[in-house]
Every structure is written in C-alpha cells, then in structure tokens.
Amino acid sequence: MFTWVVKLGRKFAVLGALALLGALLCATMIRFAPGYGVDERELDSRLSQESRDAIRSEYGTAETLPHYYRRYVSGLLRGDLGASVFLQRPVVQLIRERSPLTARTVGFGLLAAWIGSSILGLLAIRFPNAMLNYSAMALTGFLIALPAAVIALLFVFWRAPVFLGIALVTFPKLYRYQHNLLAQAHSQPFVFAARTRGVSENRILFRHVIPLVWAPVLALTGVSASMAFGAAIPLEALSDSPGMGQLAWQAALNRDLPLLTSITLCVTLLTVAVNFLADAIGQRKSS
Amino acid sequence: MIQRVFRGVSWSILAIVFAFALFAEGFTHYPYARQFRELPNAAPSTVHLLGTDDLGRDLFTRVVYGTRVSLLLAPAAALLATAIASILGGLAGLRGGRLESSILAFTDLLMSLPLFFLLIALRAFLPLDISPLLSVVATFVTLGLLGWPSSLRVVCAASRNLRQSEHMLLARATGYSNAQLLFRQVIPNLRPIFLAQFWISIPLFILTEATLSMLGLGVMEPLPSWGNLLRGCEDFGAMSANPWRLIPLLLLVITVICFQLILHSTEEPA
Amino acid sequence: MWPSLRPVILLLAANFAVSSHAQAPAELHFCLHGEPKTFNPLLVDDEASENIRYLTGGVLIRVNRQTQALEPGLAESWRVSPDGRQITFQLRKGIYFSDGSPFSSEDVAYTMRLLMDPQTHSATGDAFRSGSGTVVVKAPAPYVAVVAFPAPVAGMERLFDQVAILSAKSLKKEESVLGPYYVSEYKAGSYVLLRRNPNYWKHDAQGRQLPYIDTVRLDIQRNRDIEMMRFRRGELQLVNRVDAQQFDELKKENPAAARNAGTGLDGEELWFNQAATSTLPDFRKKWFQLTDFRRAVSLAINRNDLARVVFTGYATPAFGPVSPSNQFWFNSSLPAPKHDPQAALALLTRAGFRMENGTLKDSMGNGVEFTLITNSGNTAREKMATMIQQDLSEIGVSVKVVTLDFPSLIERITRTFDYDACLLGLVNTDLDPNGQMTVWLSSGENHQWNPNQKTPATAWEAEIDQLMREQASLSNDKLRKAKFDRVQEIVAAQQPFIYLVNKNALSAVSSQVIGAYPVALNPQAFWNIDTLRLDPGQHIVSKQ
C-alpha cells in the first residue's frame with residue numbers, strides 16, 4: 001500500500017515537473033523570439049519619451065532569464081501567475097473566466113467525436129459492407145479536408161455550437177486510427193480460427209477484437225485531447241468565442257509572455273495527466 | 001470489385017492532379033502573378049477558364065501552380081514527420097521502461113507548446129530577402145519537424161504490442177542488437193501503420209499551411225498555394241457572388257478523399 | 001376538453017405578445033473591433049477604449065465631428081490667453097455625475113492634474129506637453145477653471161476633446177461619468193453593456209433629456225466577416241468602419257444601409273529605410289537616400305488602380321499626409337499624384353540607373369531589388385503590396401513582399417531597422433498636425449524613415465524641423481497653417497513617405513436607426529449617439 005502511494009507521489013511530481021518545464025520552455029521561446037517587448041503603442045506620435053520608456057519597461061526586457069524563472073516559480077507557488085500585458089488583467093482571473101467555456105466545448109466535442117468514431121468504427125468492422133466502408137472513408141476524408149477556418153465560419157453562419165466544430169475536426173482522425181487498429185486486430189489468424197469454430201461475429205468482436213485494441217485505442221485519448229484543444233484555438237478565435245483558445249491565439253499574436261506561459265503550463269499539465277492516466281489504465285489492463 | 005473501382009478512380013484523379021502540378025507551364029497561358037486589373041473578380045470565360053481573383057490574376061493558372069506548391073511539399077513534410085515518429089516511437093515501444101517514458105514525456109511536452117506561436121516566430125526569424133519558394137520550403141520543413149508528436153503515440157503503442165509478440169522474443173533470444181531489432185523487425189512489421197500516418201499527415205500539413213495562409217502567414221506573394229487561394233473563402237458575401245472561388249476548396253477535398261480511399265484500399269485485406 | 005383550453009391558449013398568446021413587445025427595449029447593438037484595454041479615460045490608447053471613452057466621457061470642449069468646429073461641452077465658454085499658455089473655462093452649472101455627485105471646477109482640476117502627472121504616462125496628457133515644467137491648474141471659483149502650461153500649446157483647445165472629466169470626490173472613479181452612457185456590465189472577451197446616464201446634462205430642443213436610446217450593447221468582435229453576417233441578419237444595427245469590399249457587396253444588396261461618408265482621414269503609405277545605422281548594404285542605402293529614386297518609385301505606382309481594385313473605388317489617391325476631408329489643414333495647392341512610368345525611368349536614368357534586359361541596375365551594376373514588409377492579416381495592405389510589386393516590375397525593379405506579424409514588424413521599424421521598405425497605414429484621430437511632432441522632427445521617435453537623428457541628416461529635414469517648431473509656438477491657426485503647408489510641400493517634393501490612398505469612411509446603418517449621419521472623423525457612425533433613435537415599430541432581434 002505504502003509503496004503504491006510513494007509511486008503515485010513520484011508520478012505526480014514528474015507530472016508537475018514536466019508541466020513546469022513546458023511553461024519555462026515556452027517562456028524562453030517567447031522571450032527570444034523576434035518581436036518581444038515591442039508594443040504597438042510606440043507608434044503613437046503623441047507619447048513623450050518618459051511614457052515610451054515606461055511602456056518598454058513593462059515588458060521586463062532588462063530582466064535575465066534565470067531571474068524570470070525564479071520569479072515565475074515563486075509566483076506559481078503563491079498562486080500568482082502574473083498579469084497579462086495586452087489585457088492588463090491578472091492571468092489567474094482570465095483563466096478562471098474562460099476555462100469553463102473551453103472545457104465545456106472541448107469536453108463535449110471530444111465526447112461526441114469519440115462516440116461517433118467508436119460507433120462508426122465498430123459498425124464498419126461488424127458489417128463489412130464495401131459501400132458503407134467507402135462512404136465512411138469519403139465522409140471522413142471530406143471532414144479532414146475542411147480547414148478549421150472554413151468550419152468556424154460555417155458554424156457561425158449556421159449558428160451551430162462550437163463544440164460540434166471540434167467534434168467534426170477530431171472525429172475523422174479518431175475514426176481513421178480506430179478503424180486501422182480494429183481492422184488489423186480483426187484480420188488476425190485467431191479471429192479466422194474462431195469464426196471457423198462457429199463463434200458468432202458479435203462475440204468475436206466483443207470478446208476477442210476489442211480487448212486486443214483496448215490499450216492502443218486508449219493511448220489515443222491524450223492525443224485526441226491535444227488535437228481537440230489545438231482545434232479549439234482557431235475555431236474559437238475565428239468565431240470570436242471567448243474561451244481559452246481565443247486567449248491563447250491572442251496571446252501568441254501579442255507575444256504576451258505571462259499569459260502564454262501560464263496557458264502552456266495548463267495545457268502541458270492536462271496533456272501529460274491525461275496521457276499518464278491512459279497509459280496507467282492500459283498497462284493495468286494488459287498486465 | 002468496388003474496391004478496385006474506387007482505388008482506380010482515386011489513383012487516376014491523383015495522377016491527373018499531379019500531372020497538372022508537374023507540368024504547370026504546359027497547361028497555362030499566363031504567368032501566375034500577372035494582374036489583369038481591368039477584370040478583377042471576373043466570372044469564368046474562354047479567356048480565363050476559372051475567372052480571375054480580386055487582383056485580376058487568372059485563377060486557373062493560380063490553382064495549377066498552387067497545386068504544385070501544396071501537393072509537392074506537403075508529402076515531403078509528411079515524410080519527415082513520419083520518419084521521426086517512426087524511429088522515436090519504434091524505439092520507445094521496443095525498449096520500454098525509462099526510455100519509453102522519457103520519449104513519451106518529451107513528446108507530450110512538444111505537443112503542449114504553442115505550435116502556432118512557433119510558426120509565427122520562425123517566419124519572423126527568417127531573413128527577409130529569401131525567395132518565396134525558400135520560405136515555403138522552410139515552413140513545410142518546420143511543419144515536418146514539429147508535426148510528429150501526434151503520430152508517435154500510435155506508433156509507440158503498436159511497437160509495444162509487437163515487443164511482446166513471439167517472433168520478437170525469438171529475435172531477441174537470437175542476440176539481435178537494438179538497432180537491428182528496430183530496423184529489421186519493428187519497422188518492417190509496422191509499415192502499414194507508418195503508411196497510414198504518412199497518408200493522414202499529408203492533408204493535415206496542407207491544411208495547416210492553409211490556415212496559416214488564411215492568417216496571412218503562409219506563402220509569400222505572389223506565389224500561390226491552396227492555402228492562400230482558400231483565403232477568399234472567409235468572405236461569405238464574396239463567395240455567394242463568385243462561387244467559382246470555391247474550386248480550390250473542392251480540389252483540396254477531392255484530393256484528400258482520394259488519399260483516404262487509396263489508403264483504405266491498401267489496408268483492406270484482399 | 002378542447003373548448004376549455006381555448007381561453008388558456010388565447011391568454012398565453014396575449015401574454016406572450018405583450019411581454020415580447022415590452023421585451024423589445026430600446027437597445028442599440030453594434031461591435032467593438034478589439035478588446036478595450038482600459039476603462040480609465042486618461043490611459044486610452046487603442047480604438048476600442050477610445051470608443052468607450054467617447055460614449056461615456058464628458059468633455060469641456062467638443063469637436064463637432066460633422067462641422068469639425070469646436071463647440072461648448074461641459075464648459076459653456078472659454079478663453080485662451082494671447083500668449084497661448086493659459087486657458088480659462090467657464091463651466092456649466094447644475095450638472096451632476098452619473099452617481100449623483102455635483103460637477104465643479106474641482107473635478108476639472110483633479111482630472112488635469114492626474115492627466116499631466118508624469119507617473120500616469122497618458123498619451124492624451126503627453127499631447128499637451130509642449131515644454132518642460134509643470135502644468136498648474138487652479139479652481140478659483142466653483143465654476144471657473146484655469147489651466148496654465150509652461151509653454152504655448154498649439155491647437156490647445158482641440159486637445160480637450162479627448163480629456164474626459166473624472167470625479168474628484170466619487171469613490172467609484174470609473175463608474176461616475178458625465179457622458180451620455182455609463183458602463184453597466186463588462187464581460188471580458190464578450191461584450192460591454194452601456195446604460196443611459198440618468199444625469200446627462202444635454203437636452204434636445206424640446207427640453208427632453210438625452211440620450212434617446214436606453215442601452216447600448218457593444219459586442220467584442222474582431223472578425224469583420226462575422227460582423228457583417230450578423231448585421232445582415234439584423235442582430236446588429238450599426239457597423240462602424242466597414243471594409244471597402246464588404247461595403248461594395250452591401251451596396252448591391254441593401255443600398256440604404258451602406259453609408260459612404262466620403263474621403264476619410266485614414267491613409268496608407270510606403271517608406272524606405274533611410275536610417276544610417278541600419279544593417280543594409282551600402283549600395284541599397286544609397287538608393288533609398290536618393291530623392292530621385294523615391295520620386296521615381298512614387299511615379300511608377302498606379303494609385304488609381306490601388307483605389308479601384310483594392311478598395312473597389314472607395315478610396316482616393318493621396319499625395320500628402322493630410323486627407324482632403326481635414327478641411328482646415330489640407331493643402332489644396334499640392335500637385336495631384338501622377339502615374340508615369342516613363343517619367344520614373346527618366347528620373348532614374350538621371351540618377352545614374354540604367355535598364356538592362358528588363359532589370360534596372362544602378363551605376364555599379366547591382367540589380368535594383370528590395371523587400372517590402374507589411375503586417376499580416378490585413379488583406380487590403382497585402383493586395384496593395386502585390387500590386388505595387390507588379391507596378392515596380394514594369395520599371396525593372398524587383399520587389400519581394402513579406403508579411404510579418406505586427407510585433408515583429410514594429411521591432412524591425414523601431415529597433416533593429418532591419419528592413420528595406422515598409423507599407424503601413426495611418427489612423428488619424430486628431431485633425432491638428434501638432435500631435436505628429438515626433439513624426440516630422442528629425443529627432444523624433446516616429447520619424448519613421450530615419451528616426452532619432454542627433455542632427456538633421458539633410459537640409460530639407462532641417463527645414464521641416466524649423467517649420468514644425470515655429471508652428472508649435474504660434475497661437476494663430478492661419479499662421480500655423482502656412483508653416484505646415486510648407487512642410488507638406490517639402491514632403492511632396494522629397495517623398496520620404498510615399499502616400500498611396502486615402503480610404504473612404506464607410507459605415508453600415510440599419511433602417512431601424514433614425515438620425516444616423518456617418519462622417520469622416522472618428523467615431524464615424526455613432527458620433528451623434530445621444531440624438532440617435534431606434535424605430536419602435538420594428539421588432540429588434542437582440543442576440544444574448
């Protein structure tokens with residue numbers, strides 16, 4: 001029991017360390033990317049020299065990177081993630097305001113995508129009708145081919161909820177992966193053997209094929225979560241939906257160091273956590 | 001039977017599209033940059049087969065040359081991404097343990113970084129006076145170098161499955177080294193998965209380039225690509241007035257569907 | 001069963017009808033094109049915040065957006081001293097802030113002190129800074145305020161149009177306002193809801209208190225296509241600053257809604273990097289520093305095509321920094337811009353360039369080519385750059401167009417000077433060119449082609465320096481205009497900025513709005529918001 005707790009504790013520590021590393025890497029990238037520390041207010045011809053100096057000092061370009069790391073980590077421990085430069089508001093407040101919307105959108109979108117792809121995938125394997133298969137391929141191909149921008153605009157036009165957009169973007173890729181794995185498992189020799197023994201197709205599917213592909217399919221959850229959030233960014237930004245995606249987009253365009261770093265922290269934490277969970281369950285199942 | 005029909009049709013369509021891309025000069029009359037300023041947004045006619053865009057450039061020419069950019073570079077990027085994912089993922093699944101956890105952690109990290117920001121930053125880093133073609137190549141190379149994380153986990157899981165199979169145990173017992181195991185056993189056995197990833201990545205990279213172009217960060221003017229040809233799709237009013245502008249989108253969708261159908265037919269057991 | 005349901009159904013229907021009619025409040029619904037960065041009127045420096053300030057702030061002197069003349073606001077009269085250093089305001093009596101606190105000269109003094117405090121770093125305040133020294137504000141009587149500057153401030157009165165008076169006594173500083181509306185709700189990233197100020201001082205001719213419209217909902221919408229879609233659906237009643245292409249389409253569908261206020265104040269311009277400290281190769285620097293080269297480029301660019309193709313005719317070729325719609329400051333004696341590639345080639349030949357196989361080469365044999373940068377995401381600018389690329393190829397000059405994201409662009413033009421030529425637009429809120437001192441002075445930060453010079457690099461820049469300093473110290477506007485006219489002549493001859501077009505002020509106004517009269521000055525479509533009415537007969541669809 002105790003060793004199990006220690007193991008878990010160590011895993012959590014690794015998770016936290018990874019998330020922090022992600023955040024700090026992101027901060028380094030932004031800090032050294034061209035265009036950091038420049039504000040479009042500098043083009044305002046009314047500003048005096050003092051005002052311009054004050055604007056430049058807001059960005060802290062004089063601060064060294066190790067100093068910034070130290071400040072960020074100590075702030076993090078206190079629960080203070082700094083203030084967004086372009087929105088002039090505390091980052092924690094911004095994240096708190098916007099994450100529910102994105103969580104709902106991405107959550108429902110992912111759920112819809114998983115349900116859709118799983119059902120369609122199982123159906124395609126269970127009833128291997130060529131026409132059905134090729135239609136499914138054509139549909140997924142069509143959906144993969146639409147750029148996120150076009151989907152976003154169509155959704156605004158039809159006043160459809162954004163989560164469907166995320167579902168539409170994630171579903172075809174999930175379906176493809178799942179279909180690949182299921183098809184591979186279904187073509188294994190033991191399935192053929194079971195069929196000749198007279199085992200029903202349903203039983204083959206649920207008792208033999210699915211248990212085989214459990215683990216790799218679960219491995220997709222983390223990937224699908226990242227894909228969904230990645231899709232949320234342009235979808236939200238283009239349909240002006242005030243979630244985390246739009247925040248990340250604006251932060252990237254504006255080189256907003258505190259905001260983008262904290263967003264990366266959250267995203268890394270989520271991705272790593274979801275993957276870790278998926279791996280743990282997968283390993284438990286296989287052992 | 002249907003399978004063969006679909007496969008045949010898909011290959012033919014792709015072949016035609018590729019032919020257009022490779023032999024662009026033979027099909028087009030005008031340079032793709034030439035602006036016919038008296039005829040902006042013209043409807044299709046005998047002079048301009050697909051009409052003109054809003055600067056008066058012949059749309060048919062731009063679609064053909066744009067195909068060259070998107071269709072020849074995206075597979076290159078996909079190849080790069082798949083290669084990286086295959087090697088790293090194969091190795092991770094093969095060895096397991098610490099190496100696997102580290103590679104997976106590194107992958108997660110890379111996936112969480114704001115890719116979009118990286119692309120903007122790269123664009124700003126490039127020297128200003130490189131040719132449009134070089135900037136496009138640089139964009140696609142970056143996409144290839146950054147686009148492998150999503151493929152890696154699938155490869156890793158499959159490789160992990162393989163590790164526990166019988167003939168791997170046999171190979172290991174025979175004394176194969178890791179490198180030999182990787183290149184002689186893992187990679188050949190996982191070829192269908194690599195192929196699947198490759199085919200999936202191609203439209204993905206075309207689309208990323210398209211989204212980038214829609215933000216104005218894609219290919220440099222006046223070089224056309226499917227991405228910047230799709231930019232017109234943002235404006236619904238213009239679309240309904242000039243519906244032929246949707247042709248690049250149609251072309252993209254058809255090409256991607258063809259890729260999907262071919263891939264599907266190669267996987268289906270005969 | 002059935003008959004007994006009928007009265008219920010009728011009752012429900014009647015109820016619904018009544019409530020839906022009563023539910024149609026007088027709410028004006030339009031969009032801001034970005035997130036307002038601040039609600040503090042003193043710190044405003046972006047379009048969205050400025051719009052909010054216009055709608056909520058009360059000012060002493062108002063520039064009438066239609067006539068471009070000054071009119072009394074919170075000050076019923078004012079007097080500027082002969083030396084231009086002091087202004088005395090006679091304030092209106094009996095005015096209260098939206099929270100009920102009385103308005104007096106104390107509030108003016110408080111606002112001006114805060115504005116001019118160096119720690120505030122206000123752009124509006126900086127516009128008043130004409131010389132070193134402190135600004136002294138006195139409130140000798142409850143309705144008299146005196147502001148004394150250390151040096152004369154040119155165009156002083158107009159600057160007060162941007163100073164929204166804050167309440168000295170009120171605790172909720174940003175919520176007690178003197179303008180027609182106050183900020184009632186704000187959801188970051190979504191919308192700002194404004195409600196009418198119950199204590200607004202303005203009344204109409206019949207004595208009825210303004211504004212007529214009770215609430216204003218401002219959605220935060222960056223995407224112009226979506227905004228137009230919502231306007232067409234009836235969700236929005238107004239679109240401010242419509243793009244030329246969208247305007248063209250709207251005009252075909254709904255001509256009554258498409259309002260063209262004529263040439264606006266905004267222009268697009270191109271300039272070459274002439275900074276001596278830039279990292280460009282010497283031969284290229286030499287080209288850009290040659291007046292004949294710049295004039296040749298200017299002659300080679302077809303401005304009519306730019307206006308016709310990129311802006312679908314809703315723009316006019318420009319040749320100077322001041323738009324013709326700036327009635328007072330426009331120099332009408334400036335020559336009209338010409339498109340003449342032959343003359344351009346003649347100028348270049350005179351300067352030592354020659355054509356070789358369709359490529360222009362300089363005297364040392366270098367092919368003339370340069371990169372033109374502009375900001376990404378602005379399709380009009382990208383199209384203009386592409387058209388300029390073709391225009392210049394006709395005189396053998398090869399241009400590469402690079403779009404960069406805005407921060408990288410600004411870094412190149414203000415810090416690293418690692419660029420050849422830049423294409424950007426001007427957004428002029430202020431009619432008076434005195435606000436552009438840092439653009440015209442050679443030592444200025446915004447002297448884009450060669451900023452922060454220790455001494456003027458050329459004789460003509462030295463002449464501009466002198467003229468600008470002279471006009472800043474004069475209080476007579478006619479004399480100032482004469483000086484600035486001369487500046488415009490020099491700029492037209494030397495072409496440090498190659499002005500391209502002045503864009504039209506385009507708005508979309510739905511038929512539900514009565515009394516709208518879009519103009520060229522910002523805010524174009526809703527400058528007279530306090531006298532706008534909504535047609536009560538039409539059912540208003542408001543999106544939650």
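Naming convention: chains lettered A, B, ... in sequence-line order (proteins, then strands); numbering from 1 in each chain.
- In this structure, A/Leu43 CG and C/Glu445 CD are separated by 10.5 Å, a value rounded to the nearest 0.5 Å.
- Side-chain N or O atoms of A/Arg98 include none that pairs as donor or acceptor with a backbone N or O of A/Met244 at under 3.5 Å.
- In this structure, a donor-acceptor pair under 3.5 Å is present between the side chains of C/Glu461 and C/Trp449.
- Contact annotation for C/Gln162: only side-chain heavy atoms (C-beta onward) come within less than 4.5 Å of a heavy atom of chain A.
- For the options C/Pro36, C/Ala127, C/Gly125, heavy-atom pairs under 4.5 Å to chain A are most numerous at C/Ala127.
- One side chain, A/Thr102 or A/Glu236, offers a donor N or O that lies under 3.5 Å from an acceptor on the other.
- For chain A, the nearby part of C/Gln448 is the side chain; its heavy atoms alone come within less than 4.5 Å.
- With 3.5 Å as the limit, one finds a donor-acceptor pair spanning the side chains of C/Glu185 and C/Tyr191.
- When the candidates C/Arg129, C/Lys187, C/Arg222 are compared by the number of heavy-atom contacts under 4.5 Å with chain A, C/Arg222 comes out ahead.
- For C/Gln221, the parts sitting under 4.5 Å from any heavy atom of chain A are the backbone and the side chain alike.
- C/Asp405 places a side-chain heavy atom less than 4.5 Å from the side chain of A/Arg255.
- If you measure heavy-atom distances from C/Arg412 to chain A, you find no contacts under 4.5 Å at all.
- Using a 4.5 Å cut-off between heavy atoms, A/Asp53 makes no contact with chain C at all.
- Two residues are said to be in side-chain contact when any heavy atoms from C-beta on lie closer than 4.5 Å; A/Leu81 and A/Pro90 fail this criterion.
- Applying the side-chain contact (heavy atoms from CB on, under 4.5 Å) test to A/Ala228 and every residue at least two apart in sequence or in another chain returns A/Val106, A/Leu110, A/Ile166, A/Thr170.
- Counting heavy-atom pairs under 4.5 Å between each of C/Thr438, C/Ile413, C/Val439, C/Thr120 and chain A puts C/Thr438 at the top.
- C/Pro321 has its side chain within reach of C/Gln488: a pair of non-hydrogen atoms, C-beta onward, lies under 4.5 Å apart.
- Annotation: maximal heavy-atom pairing with chain C below 4.5 Å, among A/Gln93, A/Glu40, A/Glu97, occurs at A/Glu40.
- Ring pair C/Phe128/C/Phe149 is parallel by interplanar angle, where below 30° counts as parallel and above 60° as perpendicular.
- Residue C/Ile220 touches chain A through its backbone alone, counting heavy-atom pairs closer than 4.5 Å.
- Atom CZ of C/Phe231 is separated from atom SG of C/Cys31 by 11.0 Å, given to the nearest 0.5 angstrom.
- Residue-level contacts of residues 45-52 of chain A with chain C, in order of numbering, are A/Ser45, A/Arg46, A/Leu47, A/Ser48, A/Gln49, A/Glu50, A/Ser51, A/Arg52; threshold 4.5 Å between heavy atoms.
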